[in-house]
Amino acid sequence: MRKHFHRYLPTPEAVLAKRWCAPFRPWLGHPSLWHLNQRSLPGAMAIGLFCGLIPGPFQMLGALLMAIPLRSNIPVALAVTFYTNPLTIVPLYLIAYAYGAAILGYHGGPDAQIASFEWGWSLSAFWQWMLSLGKPLGIGLVALALTLAVLGYFITELAWRAYLIRAWRRRAARRRSGGGRAPP
């Protein structure tokens with residue numbers, strides 16, 4: 001699994017060699033920021049899921065700024081933010097609104113403001129629609145981001161452990177059958 005991801009991830013040397021990266025090299029040199037391991041991968045997944053719900057183009061910047069002090073894998077954190085895209089953002093915001101309304105104790109049917117969005121794909125129209133949803137959307141976005149981050153962290157942690165257990169069992173089976181490497 002790790003070998004598969006390494007094929008697509010940039011090497012730290014390639015990133016740090018970029019000219020624009022020179023002022024940031026002291027912060028970007030830590031190995032955990034670039035390696036896939038049991039600690040950096042779940043953290044990167046949680047960061048990416050949390051920052052994916054940041055409005056506007058600040059998702060990747062937020063993921064980068066959180067990954068550095070938390071020593072989580074930067075490429076994974078940045079890539080995971082792409083779960084929000086033009087096809088998923090409106091449904092995610094509707095879920096966040098419903099989540100926020102439930103937290104705030106709003107009862108009743110769907111609000112007329114939710115249904116008032118006109119599908120013209122105008123960024124300013126989308127922004128005005130978001131602002132009209134107000135407090136339930138704001139609370140819901142934070143709550144949904146935290147929920148997704150916690151779930152993503154623990155699911156990734158469990159998946160990593162399952163992968164390790166499977167690898168240990170395969171290795172033990174090879175040793176028992178005599179198919180393993182000879183000791184040095």
Side-chain angles (χ1 to χ4, degrees), residues 1 5 8-10 24 27-28 30 32-34 36-163:
M1 187 163 113
F5 284 118
Y8 300 105
L9 296 177
F24 308 108
W27 295 291
L28 297 175
H30 196 278
S32 287
L33 299 175
W34 305 101
L36 293 171
N37 58 42
Q38 194 170 0
R39 185 181 176 282
S40 70
L41 185 62
M45 189 68 74
I47 290 168
L49 288 169
F50 181 82
C51 291
L53 286 175
I54 294 174
F58 303 108
Q59 300 169 339
M60 294 181 95
L61 180 62
L64 176 68
L65 293 176
M66 285 180 72
I68 293 170
L70 295 174
R71 302 284 191 235
S72 296
N73 188 287
I74 290 174
V76 171
L78 295 177
V80 171
T81 63
F82 287 121
Y83 79 94
T84 54
N85 56 56
L87 297 175
T88 63
I89 194 71
V90 172
L92 282 168
Y93 273 43
L94 290 173
I95 292 168
Y97 179 84
Y99 202 13
I103 289 171
L104 293 172
Y106 292 172
H107 298 293
D111 200 24
Q113 292 171 327
I114 291 176
S116 71
F117 181 68
E118 296 178 15
W119 294 90
W121 293 107
S122 164
L123 189 58
S124 64
F126 180 68
W127 183 252
Q128 290 302 317
W129 176 71
M130 279 183 9
L131 291 177
S132 73
L133 297 177
K135 194 174 183 180
L137 179 64
I139 302 264
L141 280 174
V142 173
L144 183 60
L146 287 171
T147 302
L148 290 175
V150 168
L151 285 173
Y153 182 89
F154 286 114
I155 289 171
T156 306
E157 181 83 22
L158 288 172
W160 188 276
R161 287 181 188 209
Y163 168 76

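Predicted model, so just to flag it, every value in this text is computed and none were measured.
- Evaluation of the salt bridge (Lys or Arg N to Asp or Glu O under 4.0 Å) test over residues 56-67, restricted to residues two or more places apart or in two chains, returns none.
- Taken to the nearest 0.5 Å, the CG atom of Leu41 stands 5.5 Å off from the CG atom of Leu36.
- For Arg161, the salt bridge (charged side-chain N to carboxylate O under 4.0 Å, His left out) partners are Glu157, not counting sequence neighbours.
- Between Arg39 atom CZ and Asn73 atom CG the span is 12.0 Å, to the nearest 0.5 Å.
- Judged as a side-chain hydrogen bond (donor to acceptor under 3.5 Å, both in side chains), and not counting sequence neighbours, Thr81 has no contacts.
- For the pair Ala101 and Pro136, the tightest heavy-atom approach, listed with the atom from each and the gap, is N-CB, 3.9 Å.
- The minimum heavy-atom distance between Ile47 and Ala77, with the atom names listed, is CG2-CB, 4.1 Å.
- Under the rule for a side chain to side chain contact (heavy atoms under 4.5 Å, CB included), Ala102 has no partner lying at least two apart in sequence or in another chain.
- Qualifying side-chain hydrogen bond (donor to acceptor under 3.5 Å, both in side chains) partners for Tyr153, counting only residues two or more places apart in sequence or in other chains: none.
- The CG atom of Leu146 sits 11.0 Å away from the CG atom of Leu141 when rounded to the nearest 0.5 Å.
- Taking both residues in full, the closest heavy atoms of Leu33 and Ala67 are given as CD2-O, 3.4 Å, listed atom of the first, atom of the second, then distance.
- When side chains are defined from C-beta on, Thr88 does not count as touching Tyr83, because their heavy atoms never get closer than 4.5 Å.
- Scanning both residues, Ala143 and Ile103, for their nearest heavy atoms gives CB-CD1, 3.4 Å.
- Nearest heavy-atom pair, Leu137 versus Ala96, reported as atom, atom and distance to 0.1 Å: CD1-CB, 4.2 Å.
- Within the structure, the salt bridge (Lys or Arg N to Asp or Glu O under 4.0 Å) test picks out no pair touching residues 142-153 (sequence neighbours left out).
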Please tabulate, for the side chains in residues 56-65, all donor-acceptor contacts under 3.5 angstrom to protein atoms that are two or more places apart in sequence or on a different chain.
| unit_1 | atom_1 | unit_2 | atom_2 | d |
| --- | --- | --- | --- | --- |
| Gln59 | OE1 | Thr84 | OG1 | 3.4 |
| Gln59 | NE2 | Gly52 | O | 2.7 |
| Gln59 | NE2 | Ile54 | O | 3.3 |
| Gln59 | NE2 | Thr84 | OG1 | 3.0 |

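- Evaluation of the side chain to side chain contact (heavy atoms under 4.5 Å, CB included) rule for Ala79 yields no partner, not counting sequence neighbours.
- Judged by distance alone, the side chain of Arg71 and the main-chain N or O of Gly43 form no donor-acceptor pair under 3.5 Å.
- Looking only at side-chain heavy atoms (C-beta outward), Leu148 and Phe50 stay at 4.5 Å or farther from each other.
- Here salt bridge (Lys or Arg N to Asp or Glu O under 4.0 Å) pairs that include residues 75-104, with residues two or more places apart or in two chains, number zero.
- In this view, Ile95 and Leu144 satisfy the side chain to side chain contact (heavy atoms under 4.5 Å, CB included) rule, not counting sequence neighbours.
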